[in-house]
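What follows is a single structure, written as structure tokens, with notes after it.
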There are 2 protein chains.
Amino acid sequence: MQKKNSATIYDVAHRVGVSLATVSRVVNGNSNVRDSTKRKVLDAIEELGYHPNAVARGLASKKTTTIGVVMPDVTDVYYSELARGIDDVANMYHYDVLLTNTDEDPVRETMAVNNLASKQVDGIIFMGNELDHEVVNTISGVNAPVVLAGSLDSDEQLPSVNIDYVAAIKEAVTAVIKNGHNRVAIVTGPVAHAINGMHRLVGYKKALEEAQIEFDDSLLFVTHQDYAAGLQVAERILATGATAVVTYDDEIAIGIMNYLRDHGKKIPEDFEIITSNDTKFTIITRPQVTSIGQPKYDIGAVAMRMLTKLMNNEKIELTQVKLPHTLERRGTTIN
Amino acid sequence: MQKKNSATIYDVAHRVGVSLATVSRVVNGNSNVRDSTKRKVLDAIEELGYHPNAVARGLASKKTTTIGVVMPDVTDVYYSELARGIDDVANMYHYDVLLTNTDEDPVRETMAVNNLASKQVDGIIFMGNELDHEVVNTISGVNAPVVLAGSLDSDEQLPSVNIDYVAAIKEAVTAVIKNGHNRVAIVTGPVAHAINGMHRLVGYKKALEEAQIEFDDSLLFVTHQDYAAGLQVAERILATGATAVVTYDDEIAIGIMNYLRDHGKKIPEDFEIITSNDTKFTIITRPQVTSIGQPKYDIGAVAMRMLTKLMNNEKIELTQVKLPHTLERRGTTIN
DNA sequence: AATAGCATTGTAAGCGTTTGCAATTTGCTA
DNA sequence: TAGCAAATTGCAAACGCTTACAATGCTATT
């Protein structure tokens with residue numbers, strides 16, 4: 001049980017008989033301080049159990065060594081993987097992370113961003129599909145660099161790290177088409193969101209086009225992302241005569257799979273499924289779920305790395321980073 | 001795009017022609033300010049786009065309205081559920097959350113706590129099984145209240161919120177015993193950790209004792225918590241002749257289940273499985289996994305609520321909270 | 001109309017650091 | 001040993017806000 005009222009920089013300065021400035025310098029490993037005095041200061045710090053007050057530091061230096069992370073939901077395995085990547089490199093660069101859940105609510109998203117700004121964070125990583133004008137506006141108005149992770153604004157003007165969604169979805173769809181399916185359903189989030197309407201759906205259509213299959217919008221399903229949604233949409237998908245589906249969320253995919261199997265369908269013989277996030281969920285089920293492979297951890301890590309550069313005023317060569325994706329072929333597709 | 005160099009309280013005061021104190025008062029919704037001046041101040045704030053600088057506020061008031069959360073891994077579904085509960089009630093009380101991952105490494109845990117202290121957080125929620133003396137020491141040395149969530153120190157001196165692990169495990173074990181098993185394996189984490197050695201294992205032994213079954217330590221398995229561990233330990237469990245298992249982690253349980261099924265065992269007819277965390281994992285598999293039901297979100301929420309009281313110097317009647325648990329009977333047990 | 005007493009507002013001293021600039025030392029050179 | 005540049009240090013002003021305490025403005029009472 002250490003003493004409660006912790007020592008200040010003044011105490012150690014006084015103890016050693018030097019000025020505040022000197023102590024500050026050694027604490028910051030800064031500039032040139034004679035070795036002998038540095039040692040004395042260090043000793044005093046040790047003895048007094050001095051710990052710099054980060055708040056005071058922040059006020060004086062205008063740097064908080066804290067970044068903000070705004071995300072839909074920590075509980076979502078996809079985003080939490082990104083968060084982990086972010087956190088690890090944040091720590092690597094000695095930043096702390098202020099975390100905010102928004103549930104994709106634009107109101108809460110703008111509130112979160114504003115709140116982080118008032119907390120004087122040095123930078124922000126933003127995750128969330130719904131980047132409407134309001135949100136983009138407040139983001140660009142903030143006096144700190146922001147980078148999007150696993151997210152896109154429609155104008156693609158904000159720095160971001162993603163995979164190439166149109167290519168990825170196109171590959172997935174093409175894969176099932178090659179396996180002989182010509183009625184393949186797709187389930188995404190609201191088409192109004194850029195990531196859906198301008199990327200996933202585009203990839204889907206490109207694959208169809210390349211296979212000379214006409215787009216049938218009855219095969220497009222929009223749901224929110226959870227297991228129950230998968231269970232529910234499955235029946236409707238079946239009704240369309242589709243024999244394969246590409247989903248944007250693993251829980252949905254598994255919901256579909258379980259529903260179909262419960263209704264006598266054999267997976268993958270009768271019906272193929274490909275999902276997008278490659279979370280742990282896809283591994284623990286039987287059969288395991290074929291998925292687009294995303295470097296989730298890396299998306300977070302790279303985004304954070306990019307943010308450090310931005311915070312450091314370094315020039316960024318490329319602000320729209322696309323990380324490589326794969327197609328993890330598993331049990332819900334023939335091959 | 002708002003102006004970059006944001007207005008300060010001084011600007012507002014100057015604009016309206018009042019003192020800093022007055023502006024501060026209206027910003028803090030504080031004490032008595034004449035309605036007319038309040039309105040003028042509010043208008044000026046609006047026009048100038050003034051946002052209080054939380055850092056300066058923190059320095060002056062010695063309150064940061066920020067709490068620290070230290071947890072093993074955001075990516076872990078169990079803990080992220082707790083985190084969500086914490087975050088929600090934190091927001092409800094207008095606290096922000098500084099998140100730190102420790103991977104259960106005591107060194108990182110103490111570093112995290114110290115770091116949070118230097119950031120002047122108003123309180124800390126700590127999660128992690130390994131509460132060794134070092135960690136407990138630095139925790140109690142910190143100048144801010146700390147409460148454990150889903151975690152226990154061996155002396156149970158730190159405020160905490162949990163379920164009654166011994167009762168819960170005892171029920172689970174008893175359940176399979178009642179289903180006719182007399183060789184039931186148990187897999188936990190390191191027995192040196194209080195939560196395992198002093199709770200889970202005790203519950204297990206109590207169940208055996210009540211059923212007059214002798215404890216056989218070859219039925220005790222210690223693993224870390226992931227799917228691969230489950231896959232690996234399954235074979236060893238089988239070798240002991242056990243016909244049922246109670247695990248402390250859902251991924252392990254599913255690993256065991258998948259291994260056994262791949263090796264011709266019928267679940268639950270040939271082998272019963274009960275796990276402990278009742279995460280989404282237990283729902284999406286077929287069969288679904290029987291589990292102890294934990295109010296994970298609530299554990300986090302209640303812990304955070306408790307912390308607000310502590311930060312507010314309110315007296316706490318009960319510091320060792322045990323929330324009710326259930327037994328969610330699903331497909332990996334006969335009933 | 002004077003005054004007690006409350007409501008409202010202002011003053012100014014912190015809060016614990018950082019940091020530009022000035023002052024002092026030190027080490028060398030000649 | 002004087003003289004000068006470089007290396008160390010100290011000074012003191014910020015940083016943007018909170019908050020005792022003091023000062024002033026009111027109201028109502030007599």
Using OP1 and OP2 only, check whether a side-chain N or O of [X] sits under 4.0 Å from [N].
{"X": "B/S61", "N": "D/dT18", "result": "no"}
{"X": "A/N53", "N": "C/dC15", "result": "no"}
{"X": "A/S24", "N": "C/dT18", "result": "yes"}
{"X": "B/T22", "N": "C/dT9", "result": "no"}
{"X": "B/K62", "N": "C/dG16", "result": "yes"}
{"X": "B/T37", "N": "C/dT8", "result": "no"}
{"X": "B/T8", "N": "D/dG16", "result": "no"}

Closest to side chain of [X], choosing from [options]:
{"X": "B/N28", "options": "D/dT18, C/dT17, D/dC11", "answer": "D/dT18"}
{"X": "B/V18", "options": "D/dT18, C/dG10, D/dC11", "answer": "C/dG10"}
{"X": "A/V33", "options": "C/dT18, D/dT9, D/dG16", "answer": "D/dT9"}

[atom1] of [X] versus [atom2] of [N]: gap in Å, rounded?
{"X": "A/K63", "N": "D/dC15", "atom1": "NZ", "atom2": "C1'", "value": "14 Å"}
{"X": "B/Q120", "N": "C/dG16", "atom1": "CD", "atom2": "P", "value": "9 Å"}
{"X": "B/R25", "N": "C/dG10", "atom1": "CZ", "atom2": "C1'", "value": "8 Å"}
{"X": "B/Y50", "N": "D/dG16", "atom1": "OH", "atom2": "P", "value": "10 Å"}
{"X": "B/R34", "N": "C/dA7", "atom1": "CZ", "atom2": "C1'", "value": "8 Å"}
{"X": "A/H51", "N": "C/dC15", "atom1": "NE2", "atom2": "P", "value": "20 Å"}
{"X": "B/D35", "N": "C/dT9", "atom1": "CG", "atom2": "P", "value": "10 Å"}
{"X": "A/L20", "N": "D/dG10", "atom1": "CG", "atom2": "P", "value": "10 Å"}

* To do: Start with the C-alpha gap between A/N28 and A/R57, add the side-chain angles, then the distance that decides, and say whether side chain to side chain donor-acceptor pair (under 3.5 Å) holds.
  => CA-CA 11 Å; A/N28 291 296; A/R57 254 217 272 225; 2.9 Å; yes
* Asked: In terms of the nearest nucleotide of DNA chain C, which residue is placed more toward the 5' end: B/S19 or A/V23?
  -> B/S19
* Report the residue (B/S36 or B/A60) whose heavy-atom-nearest nucleotide on DNA chain C is the more 5′ of the two. => B/S36
* Stepwise, does the side chain to side chain contact (heavy atoms under 4.5 Å, CB included) test hold for A/F126 with A/E109? -> CA-CA 9 Å; A/F126 188 99; A/E109 291 178 335; 3.6 Å; yes
* To do: Return yes if some donor-acceptor pair links the side-chain N/O of A/D155 with the main-chain N/O of A/Q157 below 3.5 Å, else return no.
  => no
* Output, in order, the C-alpha distance, side-chain angles, deciding distance and verdict of side chain to side chain contact (heavy atoms under 4.5 Å, CB included) for B/L98 and B/I67. => CA-CA 6 Å; B/L98 268 177; B/I67 63 138; over 6 Å; no
* **Within 6.0 Å of NZ in A/K322, more than 12 heavy atoms from elsewhere** => yes
